[in-house]
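Okay, structure first, notes after.
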Amino acid sequence: MSTPESRPDPVPDTAPADSEKADILARTVAAIDAGDLERGRQILRSEYPFDAVTKNSRRYTERQCLRVFYRDGFLDRYSGTKLVHPGALRTLSILLPDEFPAHPNWLMSQSHIAFWELFPTIDHLVPVTRGGADAEPNWVSTSMLRNSAKAHWTLAELGWNLAEPGDYRLWDGLSGWFVEYLKVHPELMADKYLARWFRATVEVRATLT
């Protein structure tokens with residue numbers, strides 16, 4: 001029969017509050033200093049357990065992305081700021097390569113910061129590694145910058161709030177401009193990236209009500 005000192009601590013029903021996490025480590029260190037490594041192990045396992053995070057690489061089609069971007073009104077749901085259609089950004093980099101450069105391999109030293117601040121991406125509101133579904137109800141629009149910053153964390157852990165979606169009829173991320181410009185300048189369709197986003201945008205726009 002275990003003694004009160006050696007009995008494992010009960011596993012908490014919820015994760016510890018941010019204000020408690022440093023204290024948990026402080027008690028772990030105190031147990032180690034007292035020569036009770038096992039007690040320190042029990043404290044961590046029960047109160048602040050290791051939760052392995054695995055990286056899952058996912059790729060979404062342009063149409064899947066656009067459905068979410070239009071649904072969210074081309075707004076970053078983590079900040080509420082406007083985002084810009086990927087095709088529009090690419091078109092600007094072709095027309096103004098010195099003022100708006102875009103490196104094919106995303107070198108930050110050779111690409112305009114807008115490609116991180118304004119380029120829309122899909123993120124999982126509840127990370128898949130934390131039990132979230134890889135399905136459209138769990139997808140939100142955000143910038144590449146905030147997507148990288150959020151990583152596998154929850155909004156609560158980051159202290160972020162979910163912004164309300166926008167209205168694509170008020171801000172469409174310059175997608176309307178992108179489509180009309182390529183209609184007038186079809187030679188730009190030689191760029192396969194632009195051609196894919198053009199076709200996807202035309203198709204998704206046709207389904208909007």
Side-chain angles (χ1 to χ4, degrees), residues 53-94 102-108 111-155 157-158 160-179 181-182 188-209:
V53 173
T54 57
K55 183 174 179 59
N56 293 284
S57 179
R58 294 175 176 81
R59 180 174 176 80
Y60 304 103
T61 67
E62 289 84 1
R63 289 161 186 79
Q64 287 177 306
C65 292
L66 283 167
R67 284 197 295 269
V68 176
F69 299 160
Y70 275 105
R71 182 202 69 190
D72 290 344
F74 280 87
L75 290 188
D76 186 329
R77 297 294 301 281
Y78 298 147
S79 69
T81 57
K82 294 177 179 178
L83 300 172
V84 176
H85 188 290
L89 290 171
R90 178 65 165 261
T91 301
L92 286 173
S93 73
I94 292 173
H103 190 273
N105 295 322
W106 298 94
L107 285 180
M108 291 192 73
S111 299
H112 197 285
I113 190 62
F115 285 92
W116 282 267
E117 294 177 325
L118 304 179
F119 194 106
T121 64
I122 285 180
D123 188 49
H124 296 89
L125 180 59
V126 178
V128 172
T129 55
R130 311 294 286 276
D134 186 20
E136 191 165 326
N138 193 40
W139 296 345
V140 292
S141 304
T142 189
S143 67
M144 289 187 64
L145 198 62
R146 287 183 178 82
N147 195 326
S148 296
K150 182 170 176 289
H152 299 287
W153 309 113
T154 66
L155 296 189
E157 289 166 339
L158 293 169
W160 293 4
N161 295 310
L162 185 66
E164 291 294 323
D167 185 339
Y168 72 86
R169 292 167 294 186
L170 301 177
W171 173 253
D172 69 354
L174 299 179
S175 60
W177 172 82
F178 165 66
V179 168
Y181 194 87
L182 261 64
L188 290 175
M189 295 280 198
D191 186 306
K192 294 182 179 179
Y193 180 91
L194 289 184
R196 290 199 311 271
W197 279 104
F198 175 85
R199 290 192 296 269
T201 305
V202 170
E203 290 179 14
V204 172
R205 277 161 51 107
T207 67
L208 301 175
T209 57

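Since we're looking at a predicted model, the values are computed, not measured.
- Heavy-atom neighbours of W106 CH2 from other residues, nucleotides or ligands within 6.0 Å: above the threshold of 12.
- Using cut-offs of 30° and 60° on the angle between ring planes, the pair F74 and Y70 is perpendicular.
- T121 and N147 share a side-chain donor-acceptor pair at under 3.5 Å.
- What you find for Y193 and P86 is that their closest heavy atoms are OH-CB, 3.5 Å.
- For the atom pair CG of L162 and CD of E164, the computed distance is 7.5 Å after rounding to the nearest 0.5 Å.
- Checked by atom type and distance alone, the side chain of K192 never pairs as donor or acceptor with a backbone atom of A195 at under 3.5 Å.
- Listed here is the closest heavy atom pair of M144 and F115: SD-O, 3.3 Å.
- Between the side chain of R130 and the backbone N or O of H152, at least one donor-acceptor pair lies under 3.5 Å.
- In this structure, T201 OG1 and H85 NE2 are separated by 3.0 Å, a value rounded to the nearest 0.5 Å.
- Contact record, S111 with W116: CB-CZ3, 3.5 Å, taken as the closest heavy-atom pair.
- Of the inter-residue distances, the one linking T91 atom OG1 with F198 atom CZ reads 10.5 Å to the nearest 0.5 angstrom.
- By the 4.5 Å heavy-atom criterion applied to side chains, T81 and R146 are counted as neighbours.
- L145 has its side chain out of reach of F119: every pair of non-hydrogen atoms, C-beta onward, lies at least 4.5 Å apart.
- Atom CG of residue L75 and atom CZ of residue F69 lie 12.0 Å apart, to the nearest 0.5 angstrom.
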I would like to know whether T142 and K150 meet side-chain contact (heavy atoms from CB on, under 4.5 Å); could you show each step before the answer? CA-CA 10 Å; T142 189; K150 182 170 176 289; over 6 Å; no
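- For the pair W197/C65, a side-chain contact is recorded, criterion being any heavy-atom separation below 4.5 Å from C-beta on.
- Checked by atom type, the side-chain pair Y168/S175 shows no donor-acceptor distance below 3.5 Å.
- Between W177 and L92, some side-chain heavy-atom pair lies under the 4.5 Å cut-off.
- L158 has its side chain out of reach of Y78: every pair of non-hydrogen atoms, C-beta onward, lies at least 4.5 Å apart.
- What you find for N138 and A133 is that their closest heavy atoms are ND2-O, 2.9 Å.
- To the nearest 0.5 Å, the span separating CZ on R77 from CH2 on W160 amounts to 14.0 Å.
- Atom CG of L83 and atom CG of D76 lie 5.0 Å apart (nearest 0.5 Å).
- E136 has its side chain out of reach of Q64: every pair of non-hydrogen atoms, C-beta onward, lies at least 4.5 Å apart.
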When you look at D134 and Y60, which way does the side-chain contact (heavy atoms from CB on, under 4.5 Å) test go after all the steps? CA-CA 11 Å; D134 186 20; Y60 304 103; 2.7 Å; yes
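- Residues V179 and V202 share a closest heavy-atom pair of CG1-CG2, 4.1 Å.
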